[in-house]
Undergrad: 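Sharing a structure below in structure tokens format, with a few things to ask.
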Amino acid sequence: MTNTKQVKTKKRVADHGEVFTNDREVNAMLDLVKHETERIDSRFLEPACGNGNFLAEVLRRKLERVDSRYSKSQLEWERYAFIALSSIYGVEILQDNTIECQNRLFDIFSKSYLKMFGVNAKMELLKGVRFLLEKNIIWGDATNYCIPNTTKPIIFCEWIPIGDFIQRKDWVYEFLAEGSYQISIFDENNEAQNFDKSIKDYKPIHFLKLR
């Protein structure tokens, strides 16, 4: 169940404009893109995610689709549930909300997993899910693309499924959002080169071994 409390404190509203969207509005807005919310691998990014009202509902809808398609095979359910979660991203300027959102999505995933497979659930998957959420739900300022109180850029991870393996690619959020390009090394004419490549690629690893 989503958090229906719209205001934590008046000070937070005054300082950060923090007002949470209630369940009715969340579902009405997501129903406008209903097909995408039910597509397992569709990517969602909430640049001011709060404690996760929108992202929590997106994850629930995705997992319902995973349940309907892959409940007869634990490995298939695990793979596609992981893909569903890996496609959900959030940025939040308040650190306590960021942690709350991470925990909230983890609880939704773990409860669904344990309900489906009980004692056969794998702790290594849940550890990987926790790690993934730390990378996908980020404490950051979406207005300047930096970690709060620093000049460090927000980095997002792209998770590319390759069978039972997953490949991680890291991207600078600013260049994804702006559609601009990062500056690379100089060419033979000493001119700076633009590129839209990831800043770091990792070797594929089995999705159950992510942690």
Undergrad: Quick check: does any side chain N or O of Gln167 sit under 3.5 Å from a backbone N or O of Tyr202, one acting as donor and the other as acceptor?
TA: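 Answer holds: yes.
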Undergrad: Would Phe54 and Met29 count as a side-chain contact (heavy atoms from CB on, under 4.5 Å) here? Give the steps.
TA: CA-CA 9 Å; Phe54 279 97; Met29 293 174 72; 3.6 Å; yes
Undergrad: Work out which heavy atom in Asn136 is nearest to a heavy atom in Leu85; give both atom names and the distance.
TA: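 In this case the closest contact between Asn136 and Leu85 is ND2-O, 4.0 Å.
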Undergrad: Any sub-3.5 Å donor-acceptor pair from Ser110's side-chain atoms to Phe106's backbone N or O?
TA: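 Yes.
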Undergrad: With sequence neighbours left out, write down each residue that passes side chain to side chain donor-acceptor pair (under 3.5 Å) with Thr150, or none if nothing qualifies.
TA: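 Side chain to side chain donor-acceptor pair (under 3.5 Å) check on Thr150 returns nothing, list empty.
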Undergrad: What pair of heavy atoms forms the shortest contact from Cys49 to Leu55, and how long is it?
TA: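 Residues Cys49 and Leu55, closest heavy atoms: CB-CD1, 3.9 Å.
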Undergrad: Under 3.5 Å, is there a donor-acceptor pair between the side chain of Ser87 and the main chain of Ser42?
TA: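 Yes; judged by distance alone, with no hydrogens or angles, the pair exists.
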Undergrad: Could you list the residues that satisfy ring-ring contact (aromatic ring centres under 6.0 Å, His included) with Phe165, not counting sequence neighbours?
TA: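 Phe165 satisfies ring-ring contact (aromatic ring centres under 6.0 Å, His included) with His206 only.
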Undergrad: Working to the nearest 0.5 angstrom, can you tell me the gap between Leu208 CG and Phe82 CZ?
TA: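 One gets 8.5 Å once the value is rounded to the nearest 0.5 Å.
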Undergrad: Are Ile88 and Ile99 linked, directly or through other ILVMFWY residues, by side chains that come within less than 4.5 angstrom of each other?
TA: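 The answer is no; the residues belong to distinct hydrophobic clusters.
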Undergrad: Given the ring of Phe131, does Arg211 sit roughly above its face, with NZ or CZ under 6.0 Å from the centre of the six-membered ring and within 45° of the axis?
TA: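 No.
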Undergrad: With sequence neighbours excluded, what pairs up with Arg61 under the salt bridge (Lys or Arg N to Asp or Glu O under 4.0 Å) test?
TA: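 For Arg61, the residues satisfying salt bridge (Lys or Arg N to Asp or Glu O under 4.0 Å) (neighbours in sequence not counted) are Asp31, Glu57.
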Undergrad: Looking at every non-hydrogen atom in both residues, tell me the closest pair between Cys101 and Gly50 and how far apart they are.
TA: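 For Cys101 and Gly50, the tightest heavy-atom pair comes out as CB-O, 3.8 Å.
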Undergrad: If you take all heavy atoms of Ile108 and Ala56, which pair is closest and at what distance?
TA: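 Looking at all heavy atoms of both residues, the shortest contact is CD1-CB, 3.6 Å.
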Undergrad: Once rounded to the nearest 0.5 Å, what's the spacing between atom NE2 of His35 and atom OG1 of Thr37?
TA: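 So the NE2 of His35 and the OG1 of Thr37 are separated by 9.5 Å.
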Undergrad: Treating Lys62 as the side-chain partner and Ile40 as the backbone partner, does any N or O pair qualify as donor plus acceptor under 3.5 Å?
TA: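 Judged by distance alone, yes, a pair lies under 3.5 Å.
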Undergrad: Classify the ring geometry of Tyr113 against Phe109: parallel below 30°, tilted from 30° to 60°, perpendicular beyond 60°.
TA: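 Because their plane-to-plane angle lies in the 30° to 60° range, the rings of Tyr113 and Phe109 count as tilted.
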Undergrad: Return the CD1 to CG distance between Ile138 and Leu45, rounded to the nearest 0.5 Å.
TA: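 Between atom CD1 of Ile138 and atom CG of Leu45 there are 9.0 Å.
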Undergrad: Could you please spell out the steps behind the salt bridge (Lys or Arg N to Asp or Glu O under 4.0 Å) verdict for Arg39 and Asp41?
TA: CA-CA 6 Å; Arg39 187 161 64 84; Asp41 62 350; 2.7 Å; yes
Undergrad: Are Glu100 and Arg104 within salt-bridge range, i.e. N to O under 4.0 Å?
TA: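 Arg104 and Glu100: not salt-bridged.
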Undergrad: Using atom types as modelled, flag every donor-acceptor pair under 3.5 Å from a side chain in residues 118-129 to any protein atom, sequence neighbours excluded.
TA:
| residue | atom | partner | partner atom | Å |
| --- | --- | --- | --- | --- |
| Lys122 | NZ | Glu78 | OE1 | 3.1 |
| Lys122 | NZ | Glu78 | OE2 | 2.9 |
| Glu124 | OE1 | Lys209 | NZ | 3.3 |

Undergrad: Please answer whether the main-chain N or O of Pro148 pairs with a side-chain N or O of Asp141 as donor and acceptor at a distance below 3.5 Å.
TA: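 It does not hold such a pair.
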Undergrad: Applying a strict under-4.5 Å side-chain criterion to I, L, V, M, F, W and Y, I'd like to know whether Ile166 and Leu75 cluster together.
TA: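 The answer is yes; both residues are in one hydrophobic cluster.
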Undergrad: Could you check whether any side-chain N or O of Tyr173 sits under 3.5 Å from a backbone N or O of Cys146, counting only pairs where one atom can act as donor and the other as acceptor?
TA: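 Here the side-chain-to-backbone pair does not exist.
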Undergrad: Under a 3.5 Å distance rule, please check whether Trp139 uses its side chain to pair with a backbone N or O of Ile93 as donor and acceptor.
TA: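 Yes; judged by distance alone, with no hydrogens or angles, the pair exists.
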Undergrad: For Ser71, which residues count as a side chain to side chain donor-acceptor pair (under 3.5 Å) partner, sequence neighbours excluded?
TA: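 Here no residue qualifies.
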Undergrad: Under the side chain to side chain donor-acceptor pair (under 3.5 Å) test, which residues partner Tyr145, sequence neighbours left out?
TA: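 With sequence neighbours excluded, Tyr145 shows a side chain to side chain donor-acceptor pair (under 3.5 Å) to Glu178, given in chain and number order.
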Undergrad: Between Arg168 and Asp170, does at least one N-O distance fall below 4.0 Å, as a salt bridge requires?
TA: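 Yes.
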Undergrad: Ignoring hydrogens, what is the shortest heavy-atom contact between Ile154 and Gly140? Give both atom names and the distance.
TA: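 Scanning both residues completely, I find the closest heavy atoms to be CD1-CA, 3.9 Å.
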Undergrad: Specify the closest pair of heavy atoms between Tyr89 and Ile137, including all atoms of both residues, with the distance to one decimal.
TA: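 Minimum heavy-atom separation between Tyr89 and Ile137: C-CD1, 4.0 Å.
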Undergrad: Please test Lys135 against Phe156 for side-chain contact (heavy atoms from CB on, under 4.5 Å), starting from the C-alpha separation and ending with a verdict.
TA: CA-CA 7 Å; Lys135 299 298 182 183; Phe156 271 126; over 6 Å; no
